[in-house]
Structure formats: C-alpha cells, structure tokens
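Take this structure, written in structure tokens, and hold onto it; I'll ask about it next.
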Amino acid sequence: MQMHPSDERLHEVQAASERFFGPARTGRAWDWVLREYWRKRVFVDVETRRVAEWPDLAASGPRRVTGPAWPIHPDEHRPPRDGTAPRVDLGKLARKVTPLTHRLLAHRGADGYPIVVPVEIVGHDATGFRLLAAPDLIPPGARRAGLLAHAYRRQNIGLGMTTLTGWLTAGSGIEARYAPQTSTSLAAPPNRTLQALASGLMAKHGVWRAGRDGTHDRLHKLAQQQGQRKA
C-alpha cells in the first residue's frame, strides 16, 4: 500500500485512464473539481498468483490455470449469528440488478485465495436470488459470499454497479441460492460532463469523510505495518 504516491506514478495512472476513458477534463475550474480525484489516491499493489481461463464468458468447458492448481472446494462456513435470511428488499434489489448485464460471484477458496466466477441470476423469491453457473464452479454447501452486478458503456460514460454480501447455499449441481444481506449501488448518467463533476465531488467528500471517521489514520497505520513487515 502506498499512501503518498509520487507525481510520476499519479501521471502514469492518469495517462493509462485516458487511453480507455478519453481525455481528462482540464482548466482552472476542472483542476479544482478533480484535484482529489486525481491526486488523493491510495495505491494497492496486488500480486496475482493464479489466473483461470475458459473458452467462453460463462466459464464453461475445459479450464486452463496459470499458477497454483485450482483448489478443491472449501469447507462450509458457520452460519452468522443473526441468521442466513435476506436482510434487504429483494424486489427493489432485483429491479436494480436486472438491467446489469454482468454478474460475478466471489468466495474464499480452500487455499485462502479468492475465487471469482460468472453466474446468471434467473429469478428470486423470499429466500433470495436463484443463481445458475457452469458445472463445478460453485462449491456445495453454505458459506459467506459476495455478488457483483455491473454494466459499463463505451469509455465508461454511463455505468451501473451493485455490490452485495450475503449467504450462499448450493447443492452439487449448477444451481445455488443467494440471500443478500447488504447492498451498495452506484449509477452514473451517460453524460461525460455530469459524470466528471460527480466523480470530483464524490472524491472530495470521500477524502473529507476519511479524515473525519478515522479511515485516513487507519490506512496510514496499515501502510506502516506493511512497510515494517517488508523491511
């Protein structure tokens, strides 16, 4: 983790972003609006240990793994103290998720590393969402899991995203039941100016809130601990 990245690294990120998202807004007013968005960044470098590939986006067919072997299915989790039932309005949540074309399910594998696979949402009732996936992707049993649904337009102008945490229950087949217990959503209009303005203001608010609720100090402490371990 890098709390105070160099100007060179910040410039590299902005240049890489413009390659996919188009030129950044500039000018006296925009420089102020986007100051925190571009300058107040925390860099987290992630070491990739395993990458899995399939012939199609549904992750069906033969799997090719680069790195450590694909792990065996993990053991079940102990149910949470407050129960495994949904804790959000499923009807309202379904209306948010349905238009989002890509859905990813994530859980912790038996070797401690994350497993992220594509799933379909094919319905819901009072017990949660009904999920379908290619064979052998969802581990049997019950466990905590995350679900991400998102959709992006060209150059990221117009996007929608919903992130869920909840309880996953599966048999030995291709179907599972997901009971969402927390939900966070984000949406941006397909307008470059409005999206840039919203991003800048949200970044300003995020920096202010991080200083007020102690997040900034906790991140500093975590970065120091990581630096000491590396030393």
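In this chain, residues are counted from 1 in sequence order.
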Gln195 versus Leu159: any side-chain heavy-atom pair under 4.5 Å?
->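 Result yes, sub-4.5 Å side-chain heavy-atom pair found.
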
Crowding at CZ, Arg35 (>12 non-hydrogen neighbours, <6.0 Å) = yes

Does the side chain of Leu164 come within less than 4.5 Å of Phe129's, by heavy atoms?
->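 Counting from C-beta outward, Phe129 and Leu164 do come under 4.5 Å.
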
Distance (rounded to the nearest 0.5 Å) between Met202 CE and Arg209 CZ | 8.5 Å

Here the gap from His216 atom NE2 to Lys221 atom NZ, rounded to the nearest 0.5 Å, amounts to 15.0 Å

Give the cluster check for Tyr178 versus Ile121: same hydrophobic cluster or not, with ILVMFWY residues linked at side-chain heavy-atom distances below 4.5 Å.
->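 Result: yes, single cluster for both.
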
Using 4.0 Å as the upper bound for N to carboxylate O, is an ion pair formed by Asp125 and Arg177?
-> yes

Is it true that atom NE2 of His220 has more than 12 heavy atoms of other residues, nucleotides or ligands lying nearer than 6.0 Å?
-> yes

At what distance, to the nearest 0.5 angstrom, does NE2 of His4 lie from CZ of Arg39?
->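 The CZ atom of Arg39 is 12.5 Å from NE2 of His4, to the nearest 0.5 Å.
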
Correct closest heavy-atom pair for Ala170 and Ala176 would be CB-CB, 3.7 Å

Tell me, which pairs form a side-chain hydrogen bond (donor to acceptor under 3.5 Å, both in side chains) where one or both residues lie in residues 148-176, sequence neighbours left out?
-> Arg130-Glu175, Gln155-Arg192, Thr162-Ser185, Thr165-Thr182

Taking side chain as C-beta onward, heavy atoms only, is Arg108 less than 4.5 Å from Pro74?
->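 No. Closest side-chain heavy atoms not under 4.5 Å.
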
Within a strict 4.5 Å, meaning less than it, do heavy atoms of the Pro80 and Arg144 side chains meet?
->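 Yes, side chains in contact.
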
Give me the other members of the hydrophobic cluster that Leu197 sits in, counting Ile, Leu, Val, Met, Phe, Trp and Tyr linked by side-chain heavy atoms under 4.5 Å, directly or via other members.
->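 Once heavy-atom contacts under 4.5 Å are chained together, Leu197 belongs with Trp30, Trp32, Val33, Leu34, Tyr37, Trp38, Leu201.
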
Is it the case that more than 12 heavy atoms not belonging to Glu53 sit under 6.0 Å from its CD atom?
->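 Correct, the count exceeds 12.
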
Exercise: identify the closest heavy-atom pair between Leu93 and Val88 |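 The pair with the smallest heavy-atom distance is CD2-CG2, 3.7 Å.
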
For the residue pair Ala223 and Met3, what are the closest heavy atoms and their distance?
->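 Reported closest heavy-atom pair: CB-CG, 3.8 Å.
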
So, does Glu120 use its side chain to make a donor-acceptor pair with the main chain of Leu132 at under 3.5 Å?
-> no

Verify, without hydrogens or angle tests, whether Arg218 (side chain) and Asp213 (backbone) share a donor-acceptor contact under 3.5 angstrom.
->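 Side chain of Arg218 to backbone of Asp213: a pair is present.
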
Could you tell me whether the side chain of Arg103 and the main chain of Val97 form a donor-acceptor pair under 3.5 Å?
->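 Side chain of Arg103 to backbone of Val97, a donor-acceptor pair under 3.5 Å: yes, one is there.
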
Nearest heavy-atom neighbours spanning Ala134 and Ala59 =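 That would be CB-O, 3.3 Å.
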
Take Arg212 and Asp217, measure what salt bridge (charged side-chain N to carboxylate O under 4.0 Å, His left out) needs, and give me the verdict at the end.
-> CA-CA 10 Å; Arg212 185 176 182 180; Asp217 292 337; over 6 Å; no

Of the non-hydrogen atoms in Arg25 and Ala196, which two are nearest, and what is the gap between them?
-> CG-CB, 4.1 Å

Donor-acceptor pair, Arg63 side chain versus Ser60 backbone, under 3.5 Å?
->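 Not at all, since once roles are kept as given, no pair shorter than 3.5 Å links the two residues.
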
Is the count of non-hydrogen atoms from other residues, nucleotides or ligands lying under 6.0 Å from Asp56 atom CG greater than 12?
-> yes

Is any side-chain N of the basic residue among Asp111 and Arg50 closer than 4.0 Å to the acidic one's carboxylate O?
-> yes

Any donor-acceptor N or O pair under 3.5 Å, side chains Arg87, Ser183 =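 Their side chains do not contain a donor-acceptor pair, so the 3.5 Å distance test is not met.
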
Just wondering, are more than 12 heavy atoms of other shown residues or ligands nearer than 6.0 Å to NZ in Lys204?
->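 It does: Lys204 NZ has more than 12 such atoms within range.
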
Sub-4.5 Å side-chain heavy-atom contact between Leu105 and Leu168 = yes

Checking Thr184, Leu100, Leu148 against Met161 for side-chain contact (heavy atoms from CB on, under 4.5 Å), the one that qualifies is Leu148

Heavy-atom pair of closest approach, residues Pro86 and Ala126 = CG-O, 3.6 Å

Does some side-chain heavy atom of Ile138 sit less than 4.5 Å from a side-chain heavy atom of His73?
->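 Not in contact.
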
Partners passing ring-ring contact (aromatic ring centres under 6.0 Å, His included) against Tyr113 (at least two apart in sequence or in another chain) | none

With hydrophobic residues grouped by side-chain heavy-atom distances under 4.5 Å, do Val116 and Val65 end up in a single group?
->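 Hydrophobic grouping puts Val116 apart from Val65.
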
SB check Asp7 Arg41 (cutoff 4.0 Å) = no

Would you say Ile72 and Ile115 are hydrophobically clustered, going by side-chain heavy atoms of ILVMFWY under 4.5 Å?
->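 No, no single cluster joins them.
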
May I ask you to check whether His77 and His107 place their ring centres under 6.0 Å from each other?
->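 No; His77 has its ring centre 6.0 Å or more from that of His107.
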
Distance from Thr127 atom OG1 to Leu90 atom CG, nearest 0.5 Å?
->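 Thr127 OG1 to Leu90 CG: 8.0 Å, rounded to 0.5 Å.
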
